[in-house]
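Down below is the structure, laid out as C-alpha cells.
Numbers restart at 1 for each chain; the letters A, B, ... are given by sequence-line order, proteins then strands. Hydrogens, waters and symmetry mates play no part in the numbers below; they use all other heavy atoms, side chains included.
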Amino acid sequence: MDLYNYLYNLVKQIPPGRVSTYTHLALALGDKRAKRAVKETLDAFHDSTPIPWHRVIEDNGKIEGKKKKHLLQQENIPIHKTAIQKYKEIVFHDFTTTYPLKTLRKKQLLLQRFLILKDAFTTLDIIGGVDVSYQGRDAHAAYVAMDYHTHALVATKTIQMKTDFPYIPTYLTYRELPIIKHLMKNITPPSLLLLDGHGISHPHHFGLASHLGVVLDIPSIGIAKNLLCGTVSLQNAKHDFAPLIHQGKKVGWALWPHGTQKPIFVSPGHKVSLPTSLGIAKKMCQYRIPEPLRKAHLLTQKKK
DNA sequence: GCGACAG
DNA sequence: ATCTTGTCGC
C-alpha cells in the first residue's frame, strides 16, 4: 500500500478556492492518528510532486509560511494576517476515499488470530536482529545474526529500498514490513528474531514484532526504547525489571539492563512467552540495547 | 474528559 | 526516525 501516493491523490481533490486541514486528510486516510504524518509528508515532499499542498492548513484556519499564503491569495482566498476569513465556509472535507488505514487495521486484526504467545521454538541457537533507518523516503535495513550462547557474530546483511508509507503510531508495521520482508529473503531463519518496536504491548496487541513474527513465521520479541501504551507496574518491580500492564493485562516488561537510567520495553512478538521474552532480551544485552539490534542499528547508520 | 502514542 | 556540538562522567 503506497500511502504517500494515496495521500497525494486526496490532496489533488481539494478544488481551487477551497482549503482542507491535516486532520481532515488524516480522517480521509482512515485514522486521525495520521495527522502528524500528513503534515510531515506534505512539508517534506511537496516539492517533488505536483499537488496543491498549499490548500492544506492547520485545523484552526491559521497559515504557516509566506509561500503558502501567497499561493492561496492567488486563488482569491481572503486572508487577514495568518488567518483565513470565513474559513469554515471554504473548508473541504468531502473526500472520495476508501479509508485505507481502516482496511489495514482490519487486516492487522485478522492476522492477530494466528498469534501464539507460548514458547513454540525447538532450538535456541541463532538470535537475529533487524533495524531500519531513513533519510527521506530512502530506507536502509540491516540484519545481524549472533550465537545465543557465545554471542559470536554469525551473519550480517544490509539492503536499501524506497519507503511508501510514513510513520503513523500503531501502524509502524506497514512502514517497515516491505523492506524487512525483502531483507529476510534467502536468509537462514534464526531461532528467534529481535525487532525494534513493540510486540503485544500495542493498543491492539499486535505491534511490529508480533506482526512480523506471524508473517515470517519466526519466533520474535519486540524491543522498544519508548512506551506506546500501558504503564510500568513499579510496585511489582524486581531489581532490574518491572511488568508492563495494559488494560489490566501483563503485556511485557520494562527492563533496566546493567542499571541503565532509562529502561527498554520488552514484549513477546510471536511464539514466545512473557517470561522467556524477558530472559532472552536480558541475556543479549551487553549495553542498553540487545546486541543484535545494536549492531544492526550501527550498520544501517553506516550505510547512509 | 482529552490528548498523545513504537520508529 | 531525523535535525545536530559540545560536553559531562565512568
Side-chain angles (χ1 to χ4, degrees), chain A residues 3-4 22-23 26-27 29-41 43-45 58-60 101 104-105 108 129-142 160-180 183 193-213 220-232 244-247 251-255 257-270 277 281 286-290 293-294 296-304:
Chain A
L3 206 77
Y4 286 122
Y22 302 119
T23 298
L27 291 172
L29 286 174
D31 195 321
K32 67 172 193 275
R33 263 185 280 236
K35 174 187 190 293
R36 277 291 254 300
V38 169
K39 177 165 168 50
E40 285 165 7
T41 299
D43 284 352
F45 304 125
E58 294 288 349
D59 299 338
N60 55 14
L101 291 179
L104 293 178
R105 180 71 81 212
Q108 215 175 31
V130 167
D131 186 56
V132 185
S133 353
Y134 300 88
Q135 44 177 24
R137 288 185 60 163
D138 237 358
H140 292 266
Q160 181 275 331
M161 201 173 159
K162 289 283 181 213
T163 318
D164 62 8
F165 204 101
Y167 168 69
I168 303 169
T170 75
Y171 299 89
L172 173 62
T173 303
Y174 292 106
R175 177 163 168 82
E176 305 206 331
L177 182 67
I179 191 168
I180 295 179
L183 177 70
L193 196 58
L194 264 28
L195 287 147
D196 206 345
H198 289 282
I200 61 170
S201 52
H202 175 279
H204 299 273
H205 283 268
F206 205 61
L208 175 71
S210 296
H211 199 137
L212 268 139
S220 62
I221 296 173
I223 307 289
K225 294 177 282 297
N226 293 289
L227 222 43
L228 174 62
C229 66
T231 52
V232 178
L244 179 59
I245 310 294
H246 180 58
Q247 293 175 342
V251 292
W253 312 92
L255 172 64
H258 311 296
T260 41
Q261 286 299 305
K262 195 178 177 186
I264 58 173
F265 302 98
V266 179
S267 62
H270 181 48
S277 67
Q286 195 172 319
Y287 302 98
R288 183 169 93 109
I289 305 298
L293 281 179
R294 201 183 65 90
H297 183 69
L298 292 174
L299 267 180
T300 59
Q301 295 297 320
K302 201 199 295 179
K303 277 291 159 187
K304 300 195 302 187

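In this structure, Phe45(A) has its ring center under 6.0 Å from that of Tyr4(A). In this structure, His140(A) has its ring center at least 6.0 angstrom away from the ring center of Tyr134(A).
Contact check, Tyr167(A) against dA6(B): a side-chain N or O comes under 4.0 Å of OP1 or OP2. Under 4.0 angstrom from either OP1 or OP2 of dA1(C) there lies no side-chain N or O belonging to Gln301(A). Side-chain nitrogen and oxygen atoms of Lys225(A) include at least one within less than 4.0 Å of the OP1 or OP2 phosphate oxygen of dA1(C).
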Worksheet entry | Candidate pair Arg36(A) and Tyr22(A), rule side chain to side chain donor-acceptor pair (under 3.5 Å), full reasoning | CA-CA 8 Å; Arg36(A) 277 291 254 300; Tyr22(A) 302 119; over 6 Å; no
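Rounded to whole Å, the distance from CD1 on Ile180(A) to C1' on dA1(C) is 13 Å. dA1(C) atom P lies 14 Å from atom CD of Gln135(A), rounded to whole Å. Rounding to whole angstrom units, OH of residue Tyr174(A) and C1' of dA6(B) are separated by 15 Å. Whole-Å rounding puts the Leu194(A) CG to dG7(B) P distance at 14 Å. Following rounding to the nearest Å, Leu172(A) (CG) and dA4(B) (C1') show an atom-to-atom distance of 16 Å. The interatomic distance linking Asn226(A) (CG) with dA4(B) (C1') rounds to 13 Å, in whole Å. Atom CZ in Arg33(A) sits about 16 Å away from atom P in dC2(B), given to the nearest Å. One can place CZ of Arg36(A) at 13 Å from C1' of dT2(C), the figure rounded to the nearest angstrom.
Note on Arg175(A) versus Asp164(A): no salt bridge recorded, every NZ/NE/NH1/NH2 to OD/OE distance being 4.0 Å or above.
The OG atom of Ser133(A) sits 6.0 Å away from the NE2 atom of His297(A) when rounded to the nearest 0.5 Å. Between the CG atom of Leu208(A) and the CG atom of Leu228(A) there is a distance of 11.0 Å, given to the nearest 0.5 Å.
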Taking only nitrogen or oxygen atoms into account, show me every contact under 3.5 Å that the protein makes with nucleotides 8-10 of chain C, one pair per line with its distance.
none

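Nearest to the side-chain atoms of Leu228(A) among the listed nucleotides dT2(C), dG7(B), dA6(B) stands dA6(B).
A cation-pi arrangement, defined by a distance under 6.0 Å to the six-membered ring centre and an angle within 45 degrees of its axis, is absent between Arg33(A) and Tyr171(A).
Here Ser133(A) lies in heavy-atom contact (under 4.0 Å) with sugar-phosphate atoms only.
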